[in-house]
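Within every chain, numbering begins at 1; the chains are lettered A, B, ... in the order of the sequence lines, protein sequences first and strands thereafter. Only heavy atoms go into these numbers, but all of them, side chains included; no hydrogens, no water, no symmetry mates. Keep in mind that what you see is a predicted model, and the values were worked out from it rather than measured.
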2 protein chains.
Amino acid sequence: MYSTFMSATPKIRIDLNSSVPAYRQIVDALRVLFVEGRIRPGDSLPSVRRVALDLGVHFNTVGEAYRQLAQEGWIDLQQGKSAVVRDRGLPPPAPVEQVKQFRARLRAFVAEARASGIAPAKIVEELKSLVQELLP
Amino acid sequence: MYSTFMSATPKIRIDLNSSVPAYRQIVDALRVLFVEGRIRPGDSLPSVRRVALDLGVHFNTVGEAYRQLAQEGWIDLQQGKSAVVRDRGLPPPAPVEQVKQFRARLRAFVAEARASGIAPAKIVEELKSLVQELLP
DNA sequence: ACGTACTGTACATATTAAGTGTACAGTCAT
DNA sequence: ATGACTGTACACTTAATATGTACAGTACGT
């Protein structure tokens with residue numbers, strides 16, 4: 001029988017000094033891997049204790065992140081088994097209100113970057129790079 | 001004597017149901033106005049009570065936002081006077097580490113948008129729009 | 001069948017962050 | 001001086017986050 005394994009334990013990094021809570025950083029980091037296809041349906045995630053050890057947080061913190069991801073439809077959780085990535089079809093199209101909110105938050109984000117001294121040229125570079133990845 | 005006045009009270013909007021705290025939403029919204037030059041050095045901000053009333057929060061919450069902005073060098077605060085926007089030269093160039101962090105957070109942000117059902121085309125549109133504003 | 005070692009989970013507690021209420025102190029115009 | 005406006009300080013409540021500990025399901029070897 002083939003063993004279920006993860007395509008190399010995904011390495012994520014969080015900043016314990018950040019003002020954004022650890023469990024949300026974990027959710028964000030894993031969601032990036034899902035969206036970008038670096039972890040795929042059928043793969044399983046490392047255990048909450050393993051991740052907790054790697055990141056330096058309590059395993060319940062990771063558990064909360066996993067539950068959040070389950071609620072978003074990214075993974076299936078079942079007690080005793082490891083968390084497995086699930087095939088989450090296309091999400092329903094977002095309402096316009098949410099698009100507006102996205103625009104506002106994006107602006108705030110870029111403004112913060114500019115304010116912190118990141119050169120506009122650098123920012124443009126990053127934005128363009130993302131555009132490239134999204135187009136094809 | 002000329003009255004000190006704000007170039008039309010800047011209207012900002014926050015989401016009281018959001019998971020990001022109100023005072024930080026206020027900081028973010030005002031910083032956008034500063035960075036984009038919609039509020040300029042010499043202008044004064046509406047009082048903490050005025051803003052609080054508009055947004056539906058307590059004035060101490062606004063006060064905390066103002067103090068944060070003062071610390072970032074955007075405004076001068078003095079008891080008894082209204083908050084006045086200050087000329088904050090160019091920020092010192094950000095270290096590479098911070099640029100990396102910007103990239104990561106930007107990715108997380110876009111991933112969240114995609115996951116929530118915002119069409120990639122829409123996202124690209126917004127990104128390009130920002131690039132346009134940053135280039136000239 | 002049983003034990004062992006691994007999964008995620010539930011819940012009480014501790015800690016920290018965020019928001020509020022109220023009183024205060026400075027500025028300015030009248 | 002007085003009144004009406006500024007921001008501020010601090011005690012307090014509430015909510016969010018993180019942890020500690022005990023539990024329950026699953027897989028696998030014996």
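Separating the CD atom of B:Q71 from the P atom of D:dG7 is a distance of 18 Å, rounded to the nearest angstrom. For A:L16 and C:dT16, the CG to P distance is 14 Å, given to the nearest whole Å. B:L55 has its CG atom 12 Å from the P atom of C:dG19, to the nearest Å. In this entry the distance linking CZ of B:R67 with P of C:dA17 reads 16 Å, nearest Å. Distance, B:L53 CG to D:dT6 P: 11 Å, rounded to whole Å. Atom CZ in A:R50 sits about 13 Å away from atom C1' in C:dC6, given to the nearest Å. The CG atom of A:L77 sits 14 Å away from the P atom of D:dT26 (whole-angstrom rounding). Rounded to whole Å, the distance from CD1 on B:I14 to P on C:dA18 is 14 Å.
Residue A:S47 places at least one side-chain N or O closer than 4.0 Å to OP1 or OP2 of C:dT7.
Pairs passing the salt bridge (charged side-chain N to carboxylate O under 4.0 Å, His left out) check and including a residue from residues 86-99 of chain A, sequence neighbours excluded, read A:D76-A:R86.
Ionic pairing of A:R50 and A:D54 is present here: one or more N-O contacts between side-chain nitrogen and carboxylate oxygen are shorter than 4.0 angstrom. Checked for salt-bridge contact, B:R31 and B:D28 meet the test: a charged N lies under 4.0 Å from a carboxylate O.
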Nucleic acid footprint by protein, nucleotides 13-25 of chain D - heavy-atom cut-off 4.0 Å, B for base, S for sugar-phosphate alone:
----SSBBB--BB
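Neither B:L16 nor B:Y23 shares a network with the other; the hydrophobic side chains, linked directly or stepwise wherever heavy atoms of I, L, V, M, F, W or Y lie under 4.5 Å apart, form separate groups for each.
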Got a list of side-chain donor-acceptor pairs under 3.5 Å for residues 112-123 of chain B, not counting sequence neighbours?
| unit_1 | atom_1 | unit_2 | atom_2 | d |
| --- | --- | --- | --- | --- |
| B:E112 | OE2 | A:R105 | NH2 | 3.3 |
| B:S116 | OG | A:Q98 | NE2 | 3.3 |
| B:S116 | OG | B:A113 | O | 2.9 |

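Between the side chains of A:R103 and B:S129, no donor-acceptor pair is found at a separation under 3.5 Å.
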